[in-house]
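Below: one structure, written as structure tokens.
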There are 2 protein chains.
Amino acid sequence: MNDLHRLPSLNALKAFVAVAEQGSISMAAQQLHVTHGAVSRQIKLLEEELNTSLLEKQGRGIKLTDAGQQLYQNCQPAFRTIAESCQQLRQQQQEKPLVLACSGSLLARWLIPRLPPLQQALPDLPLQLVTSADDERPQQQADLSLSFMNNPVADELLIPLEQERIGPVLATALAQQLDLDSNKAIPQLPLLHTLSRPQAWPDWARHNGIPPDSLHMGQGFPHLSYLLEAVLAGLGIGIAPEQLIRADLEQGRLLAPWGFVSTDAWLCVQIHNISQRQRIEKLTGLLATLS
Amino acid sequence: MNDLHRLPSLNALKAFVAVAEQGSISMAAQQLHVTHGAVSRQIKLLEEELNTSLLEKQGRGIKLTDAGQQLYQNCQPAFRTIAESCQQLRQQQQEKPLVLACSGSLLARWLIPRLPPLQQALPDLPLQLVTSADDERPQQQADLSLSFMNNPVADELLIPLEQERIGPVLATALAQQLDLDSNKAIPQLPLLHTLSRPQAWPDWARHNGIPPDSLHMGQGFPHLSYLLEAVLAGLGIGIAPEQLIRADLEQGRLLAPWGFVSTDAWLCVQIHNISQRQRIEKLTGLLATLS
DNA sequence: TCATTCATGTGAGAAATAATAACAGATGGC
DNA sequence: GCCATCTGTTATTATTTCTCACATGAATGA
């Protein structure tokens, strides 16, 4: 058992080592980002704790006494060891890849398009992506996850990026076959849906003043990514978050003639590994600007 | 230049090392004389500073993570070095003799008689005595000095032991030759005095309602010790602090038929070397009981 | 010599940090 | 299931540390 309780004030000792290194209380204070008074006081405290005078005046400055020399020579390497050890730990943490979990559709249609600017802005951030099925909870071993969450509660570890906006979408080819003159077109068609978001169509219908019961539900898919493939293949009208199909709209593969409505869900980053919080917040801040 | 400012909270690190050593937060808290909550919090802070988790739950207790192991193995020797270095310094300070300066008369007639009980009560206190002439300021290199001081001001570094009481004294042999029936005897005799305390006789006279001018001043001596030798030799009446001649009175060598009066002076211990303050205060506390 | 500059020392009050007490949650033994 | 043990968390209190402002003492240069 080490006699940790017989240690003097370690902050005072740190101040002393700084003074010994700089040969001056004022310089040490500058190095430690405090006033010279604070350092002077700390030295006094340490001297009292050790019952020894460590510094003596010399001209306008100070110099170490013999006891001070001895203390410095013993403690300086110890502090260096500690500083290096901690620095090493931080370094290792920096080099460890940040594991981000998200669904396949979010990965393919939201995150991957943002990767180039991301890697450009944070070239030293090693990012490792893992997918979880849309209906699974984000995996435990990930440092952070990206997902749509209903009514996210305020929480330091939950960072909302943008509100979900959903709407019906269909392939451009399919649209040309149909007579799209109003909302009325919707009920007549087979509505593709996902098992992970069964409320998507009813929610959207309510938002648009359409009785949910009047909808003709068509094929269901296990995940959004399959549904979107089906929509692209012209199998019917799907419903999807605007965020995930923006590129398809811009490139004319899909159409969204009925627009989008905001839901209670938000696209959120969830922090799982608190020790990576700083890096995650840096990453998230950047993602927010890219949204 | 060492990166002292990149060090984490050293108290948190100390707490962590304690936890690593004990393998338990509660035990570490006990060792550090704080509650487990305090230690738990410190560990959390350290983990945040290092962006690393250091502990993980294991059953009801905790165990170190790999990062924690690494940190502990690096820092534990550093803390041991620091603790040992400080302990060594304290030890050296303990073994260094305490240098006490006082006048020859105080040394011979006040301090030396008290040395046996002193050494019995504090056998491990190495005491080195140096004399300074009565009229010199206590020497700078002494850790403390013992002297009579006029009107001592309240000060942490000045410890009054007892008020000075002075009075005329003469050798028993001389007293037998004289007719000592009252204060009236005084003016008729040659009054021995010291150059270091020229006011002693006038002060005493005023306290006793005798006109100072009516005194017959005799031989002067450079220091009290010589004066006392002269008094013992029957050369005349001297004036001296009661404290310094108590033994002579008790053993019948000297008489003080006119009694003693208190003066404004106190026998004081003055602390010169603040770093020895604790030991000096222990010594002084003991001296006060022996007075 | 005297003002000036530079470095340290000191005190009161403000700011930051750490500790406590009390409770919550989790685990393992009975 | 119940109890004892250990860790985590929070609001509050206590302590430490810092700052600011001024004082002191030593070298510097007119």
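Keep in mind the model is a prediction, meaning the values are calculated, not measured. Naming convention: chains lettered A, B, ... in sequence-line order (proteins, then strands); numbering from 1 in each chain.
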Problem set entry | N/O (side chain, B:Ser40) to phosphate O (OP1/OP2, D:dC6) under 4.0 Å | no

Problem set entry | C:dA19 OP1/OP2 closer than 4.0 Å to side-chain N/O of B:Gln42 |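 Looking at the OP1 and OP2 atoms of C:dA19, one of them is under 4.0 Å from a side-chain N or O of B:Gln42.
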
For this session: Have a look at B:Leu55 and say if it touches a base, only the backbone sugar-phosphate, or nothing, with a 4.0 Å heavy-atom cut-off.
Result: nothing

Exercise. How is A:Gly37 classified with respect to the nucleic acid when contacts are heavy atoms under 4.0 Å: base, sugar-phosphate, or nothing?
Worked result: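 The answer is base, as A:Gly37 lies within the cut-off (heavy atoms under 4.0 Å) of a base atom.
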
Shortest side-chain distance from [X], nucleotide among [options]:
{"X": "A:Ser26", "options": "C:dT8, D:dC20, D:dA11", "value": "C:dT8"}
{"X": "A:Val34", "options": "C:dA18, D:dT19, D:dT7", "value": "D:dT19"}
{"X": "B:Thr35", "options": "D:dT5, C:dT8, C:dA19", "value": "C:dA19"}
{"X": "B:Arg60", "options": "D:dG8, C:dT8, C:dT27", "value": "C:dT27"}
{"X": "B:Lys44", "options": "C:dA19, D:dG8, C:dG9", "value": "D:dG8"}

Atom-pair distance ([atom1] on [X]; [atom2] on [N]), nearest Å:
{"X": "B:Gln30", "N": "D:dC6", "atom1": "CD", "atom2": "P", "answer": "10 Å"}
{"X": "A:Glu48", "N": "C:dG9", "atom1": "CD", "atom2": "P", "answer": "13 Å"}
{"X": "A:Asn11", "N": "C:dA18", "atom1": "CG", "atom2": "C1'", "answer": "12 Å"}
{"X": "A:Ile43", "N": "D:dT16", "atom1": "CD1", "atom2": "P", "answer": "18 Å"}
{"X": "A:Ile25", "N": "D:dA26", "atom1": "CD1", "atom2": "C1'", "answer": "15 Å"}
{"X": "B:Arg41", "N": "C:dA22", "atom1": "CZ", "atom2": "P", "answer": "17 Å"}
{"X": "B:Ile62", "N": "C:dA26", "atom1": "CD1", "atom2": "P", "answer": "18 Å"}
{"X": "B:Leu45", "N": "D:dT16", "atom1": "CG", "atom2": "C1'", "answer": "15 Å"}

Exercise. Do A:Arg279 and A:Gln276 have side-chain atoms, one donor and one acceptor, less than 3.5 Å apart?
Worked result: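 Yes, A:Gln276 and A:Arg279 have a side-chain donor paired with an acceptor closer than 3.5 Å.
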
Exercise. Does a side chain donor of either A:Thr263 or A:Glu164 reach within less than 3.5 Å of an acceptor in the other side chain?
Worked result: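 Short answer, yes.
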
For this session: Determine yes or no for a side-chain-to-main-chain donor-acceptor pair under 3.5 angstrom, with A:Gln31 supplying the side chain and A:Ser26 the backbone.
Result: no

For this session: On DNA chain D, check which nucleotide each of A:His33 and A:Lys57 is closest to and give me the residue with the more 5' one.
Result: A:His33

Seminar exercise, completed: DNA chain D nearest-nucleotide lookup for A:Gln58 and A:Ala12: closer to the 5′ end is A:Ala12

Exercise. Can you check whether A:His36 stacks with the C:dT8 base, using ring centres under 5.5 Å and planes within 30°?
Worked result: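 Check passed, A:His36 stacks on base of C:dT8.
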
Problem set entry | CD/B:Gln87: more than 12 non-hydrogen atoms of other groups inside 6.0 Å | yes

Exercise. Is the CD atom of A:Gln278 crowded by more than 12 outside heavy atoms at less than 6.0 Å?
Worked result: no

